[in-house]
Amino acid sequence: MKRSGEALYNRVFVVSAFSGVTDLLLENKKTGKPGVYHRIAKYQDFHRPLMSLIVQLKSINKKYKSIGLDLTLADQFIENHITEAQKYLENLANILASGYVSKAGILQAAREILASIGESHSAFNFTNILKNMGINAILIDLSGFNDHRAFTIDQRIKHAFKNIDFENTVCIVTGYAKGTEGIMREFDRGYSEVTFSKIAEFLKPQEAIIHKEYHLSTADPALVGIENCTPVGYTNYDIADQLADVGMEAIHPKASKPLEINGIHLRIKNTFEPAHPGTLITRNFICEHKRVEVITGTDKLLLIDVYDPLMVGSVGSDLHIMQIFYKHHISYTFKATSANSISIAIWERDFVKKLISDLEDDFEKVTIEEVAMVCLLGSNIDQPGLLAKVPTL
């Protein structure tokens with residue numbers, strides 16, 4: 001943004017992997033197409049996919065030569081990094097094949113190791129490019145390769161930042177952070193935003209910024225077209241939570257909470273419009289005018305209707321149903337009750353047949369139906385007649 005000199009510094013950039021790289025390492029986030037991880041999980045040879053990955057990452061490197069990336073150093077870095085990762089993965093695969101230890105724990109460790117490769121690659125490249133531009137940039141690799149200290153994620157962040165001269169430094173940080181609790185175990189593919197949030201919680205900036213492909217908009221630009229929506233501009237953390245609940249994440253809900261609690265403002269910006277201020281999310285914002293700020297929704301839901309004539313006047317039917325959902329680790333997006341039925345909307349991806357059989361053991365009739373949900377969101381929408389106007393929106 002046309003900054004120079006001292007104005008460049010006092011910033012921390014948390015970077016994710018280059019587009020598509022984590023899909024190759026783990027699995028495609030949208031289609032589920034398996035990556036290197038699934039070769040290990042199925043006791044198959046994973047060496048060839050890893051070697052293919054080196055070729056693909058070097059191909060990415062070439063794209064950045066024109067803006068200052070030292071190809072020799074970048075290629076050497078990724079070769080060495082993947083060679084080290086391969087040693088760890090070979091050890092895990094051998095232990096897994098022995099059958100003496102928990103498969104889940106070993107596979108989780110493999111997932112952590114693989115995930116870290118993408119962020120280490122992009123952070124190294126970004127740092128190298130900035131250095132070659134004459135900018136004082138420092139790489140902070142939180143992946144913990146060759147670091148055997150049993151740090152939690154918070155401890156690793158605190159240790160990594162303890163001697164940084166922020167006023168004269170640009171920090172480039174890996175979105176993956178190694179910790180004893182396992183960031184993938186807790187957050188899976190949402191870990192970059194969690195690292196970002198934890199760093200902000202530690203450093204206490206006035207504002208944290210997430211750069212995305214689109215603005216946080218009044219509707220989904222990918223669905224309705226950019227010309228049919230506008231940037232929201234201002235909203236609050238409650239609306240951000242509601243958006244995440246139906247799959248339109250401004251930020252991972254577990255990443256937003258530390259920011260909200262600590263009073264740190266969050267700004268969502270469009271990477272391709274850097275001059276635009278984007279949308280500022282704060283704890284206390286309320287829109288000056290009564291209006292719908294965002295229209296969103298999803299067609300990836302199932303509605304499970306539980307019917308039983310004995311529900312009416314019976315205490316605890318709802319609780320019993322929720323206990324069965326809890327048993328199967330299934331959260332719901334929407335719930336409605338009537339005298340004899342309780343209807344619960346869940347994500348299609350969370351559905352398991354055993355849930356239905358368990359419900360049928362205790363209730364007379366259980367039906368399943370594919371549904372879509374449309375959500376009208378706003379920080380100030382308590383206006384009489386709002387629902388009556390919905391068809392005209």
Side-chain angles (χ1 to χ4, degrees), residues 1-19 60 63-69 122-123 125-138 166-173 175 192-193 195-197 199-200 203-237 239-240 243 248-252 255-256 259-260 263-285 287-289 291 293-296 377-379:
M1 277 306 300
K2 301 178 182 179
R3 295 188 182 96
S4 61
E6 293 180 357
L8 289 168
Y9 301 114
N10 211 28
R11 284 175 169 76
V12 175
F13 290 86
V14 181
V15 299
S16 58
F18 286 108
S19 178
I60 290 174
K63 297 177 182 178
Y64 296 91
K65 181 180 179 181
S66 62
I67 60 171
L69 180 65
S122 59
N125 283 11
F126 192 8
T127 307
N128 181 262
I129 290 168
L130 293 179
K131 283 183 175 179
N132 292 335
M133 290 180 173
I135 296 170
N136 184 30
I138 182 172
F166 293 103
E167 291 186 2
N168 299 294
T169 308
V170 173
C171 299
I172 312 301
V173 191
S192 290
E193 289 184 354
T195 301
F196 162 84
S197 175
I199 292 171
L203 296 178
K204 299 289 191 301
Q206 179 182 354
E207 186 173 292
I209 304 170
I210 293 180
H211 299 265
K212 290 184 174 287
E213 184 179 358
Y214 296 110
H215 285 293
L216 179 60
S217 302
T218 51
D220 186 347
L223 185 64
V224 305
I226 296 176
E227 68 280 4
N228 294 315
C229 57
T230 58
V232 173
Y234 296 91
T235 191
N236 60 43
Y237 279 105
I239 299 301
L243 287 169
M248 188 179 167
E249 282 188 10
I251 184 174
H252 192 290
S256 70
L259 301 179
E260 181 180 359
I264 299 169
H265 300 338
L266 174 65
R267 191 179 295 275
I268 308 296
K269 295 195 66 168
N270 183 337
T271 299
F272 304 104
E273 290 187 51
H276 195 289
T279 295
L280 187 67
I281 301 174
T282 63
R283 188 161 54 185
N284 301 316
F285 173 80
C287 185
E288 181 180 353
H289 306 288
R291 64 186 179 92
E293 295 167 42
V294 184
I295 303 174
T296 185
L377 304 176
S379 58

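Being a predicted model, the structure only gives us computed values, none of them experimental. Excluded from the calculations below are hydrogen atoms, water molecules and symmetry mates; all remaining heavy atoms, backbone and side chain alike, are included.
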### Message
Rounded to the nearest 0.5 Å, what separates atom CD1 in I135 from atom OG1 in T169?
### Response
12.0 Å
### Message
In terms of relative ring orientation, are F126 and F13 parallel, tilted or perpendicular, with 30° and 60° separating the classes?
### Response
perpendicular
### Message
V173 vs I199, test: side-chain contact (heavy atoms from CB on, under 4.5 Å). Steps then yes/no.
### Response
CA-CA 10 Å; V173 191; I199 292 171; 3.8 Å; yes
### CA sep, side-chain torsions, deciding dist, call: V170, I138, side-chain contact (heavy atoms from CB on, under 4.5 Å)
CA-CA 6 Å; V170 173; I138 182 172; over 6 Å; no
### Query
Do L130 and I172 pass the side-chain contact (heavy atoms from CB on, under 4.5 Å) test, and can you show the C-alpha distance, the side-chain angles, and the key distance before you say yes or no?
CA-CA 10 Å; L130 293 179; I172 312 301; 3.8 Å; yes
### Task
Hey, could you give me the CG/CD1 distance between L243 and I251, rounded to the nearest 0.5 Å?
12.0 Å
### Summary
Distance col, row Y9:OH vs E167:CD, nearest 0.5 angstrom, shows 12.5 Å
### Query
Which residues satisfy the side chain to side chain donor-acceptor pair (under 3.5 Å) test with S379, sequence neighbours excluded?
E293
### Task
Quick one: pull up CE in M133 and CG in L8 and give me the separation to the nearest 0.5 Å.
10.5 Å
### Task
Taking all non-hydrogen atoms of both residues into account, name the closest pair between S192 and V14 and its distance.
O-CG1, 4.0 Å
### Query
How long is the span from the OG1 atom in T218 to the CG atom in N228, to the nearest 0.5 Å?
9.0 Å
### Summary
In terms of heavy-atom contacts, F196 and I209 come closest through CE1-O, 3.4 Å
### Task
Calculate, to the nearest 0.5 Å, the distance between atoms OG and CD1 belonging to S217 and I295 respectively.
12.0 Å
### Query
Taking all atoms of both residues into account, what is the closest heavy-atom pair of L216 and T235, and its distance?
CD2-CG2, 4.4 Å
### Task
Grab the two heavy atoms, one from Y234 and one from T279, that are nearest each other, plus how far apart they are.
N-CG2, 4.0 Å
### Query
With side chains defined as the heavy atoms from C-beta onward, is the minimum distance between E260 and H265 less than 4.5 Å?
no
### Task
Using the side-chain hydrogen bond (donor to acceptor under 3.5 Å, both in side chains) rule, collect all pairs that involve residues 127-137, keeping only residues at least two apart or in two chains.
N128-N132
### Query
What is the minimum heavy-atom distance between K269 and H276, and which atoms define it?
CE-O, 3.0 Å
### Message
Could you check whether any side-chain N or O of N236 sits under 3.5 Å from a backbone N or O of F285, counting only pairs where one atom can act as donor and the other as acceptor?
### Response
yes
### Message
Any heavy-atom pair between the side chains of V224 and D220 that's under 4.5 Å?
### Response
no
#### Entry: Intermediate values then yes/no, side-chain contact (heavy atoms from CB on, under 4.5 Å), Y237 and L266
CA-CA 9 Å; Y237 279 105; L266 174 65; 3.4 Å; yes
### Task
Indicate yes or no for a side-chain donor-acceptor contact from R291 to the backbone of C287 under 3.5 Å, with no hydrogens or angles considered.
no
### Summary
Residue set satisfying side chain to side chain donor-acceptor pair (under 3.5 Å) with R267, at least two apart, ordered chain then number -> E207
### Summary
Between K63 and S66, the two heavy atoms sitting closest are O-OG, 4.0 Å
